[in-house]
Amino acid sequence: MDVESMFEYMPFNQEVGIEITHAEDGHAEGRIDLEDRHSSSPLTRVAHGGVTYALADTVGGAAVISAVEDITPTIDMRIDYLAPGTGEVMLGEAECTRVGESVATVDVVITDGEGERLATARGTYKTGGDSSDSAWDAEETRSRIGGE
């Protein structure tokens, strides 16, 4: 499954500007180029916490999908905000710490372009079951993006 392409076609990612740059074997990386529209302040560019969370959740999901090669809805995510995102870019890196038959756990680190940690997160994603009855139709998604 070409995870990067799958996430490229996700309408939310297109709207917010999230890009998955690498996803393989339970590891994923992504980015968002920060713009004024991502700010929580009308006076300066300070990334809204929801933008940081969206990047963490998206990169975490890409890591799990790369490990199990199926759609993996988020069950839960906990995030700690460590510093404001005030630069030009936010980068996310996710690593699966456990991939089980029904649940996967992922650790995510969000940094700025200088390598400063902006947030850390831990997410759990559903890995078991039949994705054909999910809101995401895995087979239809694959066929639309030319996947396997």
Side-chain angles (χ1 to χ4, degrees), residues 1-35 37-41 45-87 89-113 115-142 144-145 147-148:
M1 176 181 285
D2 182 2
V3 179
E4 292 94 337
S5 291
M6 185 181 89
F7 278 83
E8 182 180 326
Y9 288 98
M10 188 181 294
F12 180 79
N13 290 349
Q14 291 176 358
E15 182 66 28
V16 177
I18 296 173
E19 176 188 2
I20 297 300
T21 57
H22 175 79
E24 186 174 31
D25 299 327
H27 176 86
E29 298 173 11
R31 66 180 288 132
I32 184 168
D33 294 323
L34 293 176
E35 301 173 12
R37 68 186 175 125
H38 297 120
S39 186
S40 62
S41 168
R45 183 182 298 161
V46 179
H48 186 280
V51 175
T52 308
Y53 183 94
L55 178 60
D57 185 36
T58 301
V59 174
V64 179
I65 290 171
S66 76
V68 301
E69 297 184 348
D70 200 2
I71 303 304
T72 59
T74 308
I75 296 170
D76 184 53
M77 179 167 273
R78 181 194 189 294
I79 190 165
D80 292 313
Y81 298 98
L82 307 174
T86 58
V89 64
M90 283 196 306
L91 307 170
E93 187 167 354
E95 191 73 42
C96 290
T97 57
R98 179 184 187 283
V99 178
E101 290 183 21
S102 60
V103 174
T105 305
V106 180
D107 285 338
V108 183
V109 175
I110 305 297
T111 59
D112 65 10
E116 180 180 358
R117 282 186 178 216
L118 304 178
T120 58
R122 172 163 284 180
T124 54
Y125 297 80
K126 181 181 181 300
T127 59
D130 179 10
S131 66
S132 66
D133 68 350
S134 134
W136 267 84
D137 184 327
E139 293 303 317
E140 179 67 18
T141 300
R142 285 185 190 110
R144 285 185 184 211
I145 64 171
E148 301 160 9

Approximate separation, where rounding is to 0.5 Å, of [X] [atom1] and [Y] [atom2]:
| X | Y | atom1 | atom2 | result |
| --- | --- | --- | --- | --- |
| I110 | L55 | CD1 | CG | 4.0 Å |
| D80 | R122 | CG | CZ | 11.0 Å |
| D2 | E69 | CG | CD | 11.0 Å |
| H27 | E95 | NE2 | CD | 6.0 Å |

If you draw a 6.0 Å radius around CZ in R37, do more than 12 non-hydrogen atoms from other residues or ligands fall strictly inside? yes
Quick one: are [X] and [Y] in side-chain contact, heavy atoms under 4.5 Å?
| X | Y | answer |
| --- | --- | --- |
| V16 | H38 | yes |
| V99 | Y125 | no |
| T111 | R117 | yes |
| M6 | I71 | yes |
| F7 | E19 | no |

If every non-hydrogen atom of L34 is compared with every non-hydrogen atom of G85, which pair is closest and at what distance? CD1-O, 4.0 Å
Specify the closest pair of heavy atoms between M77 and A56, including all atoms of both residues, with the distance to one decimal. CE-O, 3.8 Å
Using the side-chain contact (heavy atoms from CB on, under 4.5 Å) criterion, which residues pair with D112? Sequence neighbours excluded. E114, E116, L118
